[in-house]
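See structure below.
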Amino acid sequence: MYLLELGGEDDAFAAREAASAAADVRRIAPGLAVANAVGPDRVRGLAYTHRASDLLGRTDADLASARALLEAAPIDREGTVAVRATDVHGSSDVRSDRAERELGQVLVDRGFAVDLENPDHVLRAAFSEGRLERDEDGRGDLFPEDQGDASRGEAVSVCALGWLAAESVRDFGTRAPTDKPFFQPGSMDPLLARAVANIAGARPGATVLDPMCGTGGVLIEAGLVGADVVGTDAQAKMTEGAQTNLAHFLGRNEPSPTGVPRGSWHVGRGDATRLPVADDAIDGVVFDAPYGRQSKIDTHRLEDLVPGALSEARRVASRAVVVADRSWASEAREAGWELEAAFERRVHRSLTRYVLVLE
Ligand SMILES: C[S@@+](CC[C@H](N)C(=O)[O-])C[C@H]1O[C@@H](n2cnc3c(N)ncnc32)[C@H](O)[C@@H]1O
């Protein structure tokens with residue numbers, strides 16, 4: 001079993017993204033989840049999971065319990081070690097420097113040599129206390145039976161220990177919308193773009209379509225995790241700009257920082273309600289609907305555009321992720337989709353983004 005250290009402010013959303021890289025993801029405490037199996041390549045490309053570690057065990061979020069757990073745990077590793085501890089969201093009373101010292105001492109007592117600079121193995125120790133917020137649909141949580149307390153939304157206190165197995169590549173800052181060759185207001189933040197691309201199924205061998213691609217923010221992130229990407233936009237200015245951006249980020253021969261070959265890309269001018277794409281030709285559709293006041297909408301009112309785009313997406317793919325400034329859930333159902341999950345992400349006081357996951 002693996003320990004996942006989640007990032008961002010919305011654990012349910014982070015766990016949903018992590019499910020694109022890991023099997024059977026369950027949240028166990030604020031900022032922490034476990035999973036049965038992980039793909040290390042896929043973890044490197046996650047936006048809202050920082051690390052996956054081979055779980056050694058878990059106990060309560062205090063140092064004495066953590067020490068006892070580590071003293072008793074079977075360890076089948078050789079070589080040098082380092083302990084890295086984290087107090088998730090500052091929620092526990094455990095000081096991470098003290099935890100690193102004391103847990104490091106346990107490993108020394110068990111015969112390991114410590115190498116803080118270049119260890120063969122890193123032991124992650126994550127301490128977290130608090131309540132788990134419920135999922136949007138009120139299911140409580142994605143918990144198995146053994147997580148009784150947490151599944152009822154009660155307070156939990158967790159220390160999880162695990163050997164670091166994979167870390168996500170934190171290079172999103174290099175792709176801030178304003179630093180891209182082509183920039184327009186309303187471009188999607190690369191973290192959210194990566195997460196929605198992953199949820200839509202972006203990976204080597206998959207084809208992801210953004211029918212309203214704008215500056216290409218989602219396509220870039222999908223291409224960097226290896227998906228072949230296709231984009232359309234109603235405005236020529238956008239398709240030309242997206243081409244510039246995609247050539248810049250995907251038009252290189254060396255593997256992407258996540259370690260996979262960059263996907264191929266194609267962008268052309270088109271109407272999201274009448275796509276020049278064959279039925280079922282796409283694995284996942286992602287789009288970021290125009291925000292009423294922000295984007296120029298060619299030929300359609302927003303009330304016609306989004307439902308039209310939803311049924312076209314249904315025709316070409318069996319999965320879609322829609323980002324918008326309102327929930328289009330009933331329009332999605334009318335277009336033949338089932339709502340698999342819905343998330344609300346508060347961007348600032350006057351802007352909430354809704355993310356719908358459709359199957
Ligand atoms: C919110 S922006 C997308 C931003 C994009 N995700 C990014 O990161 O730059 C919405 C886009 O939808 C495009 N659009 C509007 N109506 C359209 C239509 N009928 N078909 C295709 N694209 C359309 C707009 O030109 C705009 O670029």
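When a residue number appears, it is its place in the shown sequence, counting from 1. Every number for a ligand or one of its atoms is a count from 1 in the order of the listing.
Proximity of Met238 to ligand 1, defined as any heavy-atom pair under 4.0 Å, is confined to the side chain (atoms from C-beta onward). Residue contacts with ligand 1, taken as heavy atom pairs separated by less than 4.0 Å, involve Cys213 solely via the backbone atoms N, CA, C and O. Using a 4.0 Å cut-off between heavy atoms, Leu305 contacts ligand 1 through its side chain alone, with no backbone atom that close. The backbone of Pro211, and not its side chain, has at least one atom closer than 4.0 Å to an atom of ligand 1 (non-hydrogen atoms only; backbone = N, CA, C, O). When heavy-atom distances to ligand 1 are checked against a 4.0 Å cut-off, Ala193 has no atom that comes that close, whether in backbone or side chain.
Note: Phe112 and Trp163 have tilted aromatic rings, judged against thresholds of 30 and 60 degrees for the angle between ring planes.
Salt bridge Arg175/Glu221: present, at least one basic N to carboxylate O contact under 4.0 Å. The residues Arg77 and Asp54 are annotated as salt-bridged, a charged nitrogen and a carboxylate oxygen being separated by less than 4.0 angstrom. Between Glu340 and Arg16, at least one side-chain N (NZ, or NE/NH1/NH2) sits under 4.0 Å from a carboxylate O, which counts as a salt bridge. Checked for salt-bridge contact, Arg262 and Glu254 meet the test: a charged N lies under 4.0 Å from a carboxylate O.
Of the listed options Leu192, Asp233, Val218, Ile220, Asp233 places a heavy atom closest to atom 11 (C) of ligand 1. By heavy-atom distance, the residue among Asp271, Leu302, Asn245 lying nearest atom 19 (N) of ligand 1 is Asp271. Distances from atom 18 (C) of ligand 1 to the heavy atoms of Ala234, Gly231, Pro290, Ala242 put Ala234 nearest.
Using a 4.0 Å cut-off to heavy atoms of Thr215, the atoms of ligand 1 that qualify are 7 (C), 8 (O), 9 (O). Residue-ligand proximity, Ser187 to ligand 1, at heavy-atom distances under 4.0 Å covers atoms 7 (C), 8 (O), 9 (O). Atoms of ligand 1 lying under 4.0 Å from at least one heavy atom of Gly270, given by number and element, are 20 (N), 21 (C).
Checked against side chain to side chain contact (heavy atoms under 4.5 Å, CB included), Glu240 has the following partners two or more places apart in sequence or in another chain: Ala236. Partners of Phe287 under the ring pair (Phe, Tyr, Trp, His ring centres under 6.0 Å) rule, at least two apart in sequence or in another chain, do not exist in this structure.
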